[in-house]
S.K.: 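Got a structure for you, questions after.
In what follows, chains carry the letters A, B, and so on, assigned in the order in which the sequence lines appear, proteins first and then strands, with residues in each chain numbered from 1. Quick caveat, the model's predicted, so the values are computed rather than measured.
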Protein chains: 2
Amino acid sequence: MNILSRMEELILLSVWKLQTEAYGLEIRQHLSELTGQDLSVGAVYVPLKRLKKRGYLEAWDSEPTDERGGRSKRFYKLTQKGIGALQQVKSVQENAWSNLPDIGFDWTPAKS
Amino acid sequence: MNILSRMEELILLSVWKLQTEAYGLEIRQHLSELTGQDLSVGAVYVPLKRLKKRGYLEAWDSEPTDERGGRSKRFYKLTQKGIGALQQVKSVQENAWSNLPDIGFDWTPAKS
DNA sequence: AACATTTGTTCTAAATTATAAAACAAATAG
DNA sequence: CTATTTGTTTTATAATTTAGAACAAATGTT
């Protein structure tokens with residue numbers, strides 16, 4: 001099992017966070033809040049599909065709501081595999097950020 | 001400033017961690033310890049160069065050592081910009097992982 | 001000296017991923 | 001019935017990752 005890319009991780013976390021409201025456009029908005037950057041639509045839908053194809057997410061289509069323009073949404077939910085992948089990436093992350101030396105260390109480059 | 005990819009983050013963290021021993025092959029080995037995966041040589045050298053070109057790292061060449069086959073190494077060091085990018089990615093990361101609801105939440109998919 | 005081995009970097013082609021933007025679809029408001 | 005809104009799909013392009021071969025220089029062996 002390969003380690004998740006950052007985009008994949010953030011999308012899976014958004015699905016987790018949004019619970020029953022995890023669908024494309026909502027995920028996109030949540031991501032832009034998390035990162036402070038606006039993403040294109042494709043930047044969300046394309047990886048969402050990939051994550052589903054690989055078994056990290058499952059999906060189903062809702063009935064349309066009665067909001068202005070509200071039409072049927074494709075909701076996503078984490079699978080067990082998705083949760084496992086998140087745990088793995090978190091563990092790698094914590095590992096990588098631990099036991100770092102003081103940032104101010106200093107040495108003289110051995111110039112040629 | 002765009003958010004770092006995971007590979008970029010892990011490489012910058014390796015440079016930080018390895019201090020005076022931050023050069024290609026050593027970084028590669030450190031990464032394989034961190035992630036549990038073996039990386040190809042190109043998987044490290046290619047992003048290292050990009051990170052330098054973008055100003056996240058600076059580099060200089062050492063004199064050869066006296067080890068068997070030991071030849072000159074290209075050492076890397078974090079720049080201020082590199083440190084800043086790491087701080088940014090850490091903050092996004094912590095944000096994304098906080099305030100997550102219990103994973104066991106449950107609901108009935110509105111089947112069509 | 002000649003050759004193999006080790007440590008190390010560079011190059012490059014292929015696969016994967018990210019991104020923007022346009023197209024498409026369906027619902028509601030007027 | 002037309003415009004607007006919410007939403008997904010498609011597609012073309014750019015950027016990144018990756019594997020692997022090529023290259024380079026130093027040391028060890030015979």
S.K.: Can you say whether the rings of B:W60 and B:F75 are parallel (under 30°), tilted (30 to 60°) or perpendicular (over 60°)?
M.R.: tilted

S.K.: Detail all sub-3.5 Å separations between protein N/O atoms and N/O atoms belonging to nucleotides 27-29 of chain C.
M.R.:
| unit_1 | atom_1 | unit_2 | atom_2 | d |
| --- | --- | --- | --- | --- |
| C:dT28 | O2 | A:R68 | NH1 | 3.0 |

S.K.: Would you kindly give the CE-to-P distance between B:M7 and D:dA19, to the nearest whole Å?
M.R.: 10 Å

S.K.: Over how many whole Å does the gap from A:Y23 atom OH to D:dT6 atom C1' extend?
M.R.: 8 Å

S.K.: Between A:N2 and A:K49, name the one whose nearest nucleotide on DNA chain D is closer to the 5' end.
M.R.: A:K49

S.K.: Across the strands shown, which category fits A:G24 at heavy-atom distances under 4.0 angstrom: base, sugar-phosphate, nothing?
M.R.: sugar-phosphate

S.K.: Return the nearest nucleotide to the side chain of A:K73; candidates are D:dG7, D:dT17, C:dT10.
M.R.: D:dG7

S.K.: State whether B:S40 places a side-chain N or O below 4.0 Å from either non-bridging phosphate oxygen (OP1 or OP2) of D:dA19.
M.R.: yes

S.K.: Got a salt bridge between B:E9 and B:K90, using NZ or NE/NH1/NH2 to carboxylate O under 4.0 Å?
M.R.: no

S.K.: Closest heavy-atom contact between A:G82 and A:L12?
M.R.: O-CD1, 4.1 Å

S.K.: Does the side chain of B:E33 pick up a donor-acceptor pair with the side chain of A:N95 at under 3.5 Å?
M.R.: no

S.K.: Check B:E26 with B:K73, please: is the shortest side-chain N to carboxylate O separation under 4.0 Å?
M.R.: no

S.K.: Any Lys/Arg nitrogen of A:E8 or A:R54 sitting under 4.0 Å from an Asp/Glu carboxylate oxygen of the other?
M.R.: yes

S.K.: Between D:dT17 atom C1' and B:L51 atom CG, what is the distance in whole Å?
M.R.: 13 Å

S.K.: Can you work out whether A:V46 or A:F75 has the more 5'-proximal nearest nucleotide on DNA chain D?
M.R.: A:F75

S.K.: Rounded off to whole Å, could you give me the CD-to-P distance for the B:E21 and C:dT7 pair?
M.R.: 14 Å

S.K.: Taking CG from A:L39 and C1' from C:dA18, how many angstroms apart are they, rounded to a whole number?
M.R.: 10 Å

S.K.: Does A:R74 put a side-chain nitrogen or oxygen below 4.0 Å from OP1 or OP2 of D:dT9?
M.R.: yes

S.K.: Please give, in whole Å, the distance from C:dA26 P to A:E63 CD?
M.R.: 13 Å

S.K.: C:dT6 P sits how many Å from B:Q29 CD, rounded?
M.R.: 16 Å

S.K.: Going only through I, L, V, M, F, W and Y residues with side-chain contacts under 4.5 Å, is there a path from B:V46 to B:L4?
M.R.: no

S.K.: Measure CD/A:E8 against C1'/C:dT16 and give the value in whole Å, please.
M.R.: 10 Å

S.K.: Taking only N and O in the side chain of B:R50, is any of them less than 4.0 Å away from OP1 or OP2 of D:dT17?
M.R.: yes

S.K.: Considering just the side-chain nitrogens and oxygens of A:S5, establish if one lies under 4.0 Å of OP1 or OP2 belonging to C:dA18.
M.R.: yes

S.K.: Just to confirm, is there a sub-4.0 Å distance from OP1 or OP2 of D:dT16 to any side-chain nitrogen or oxygen of B:R54?
M.R.: yes

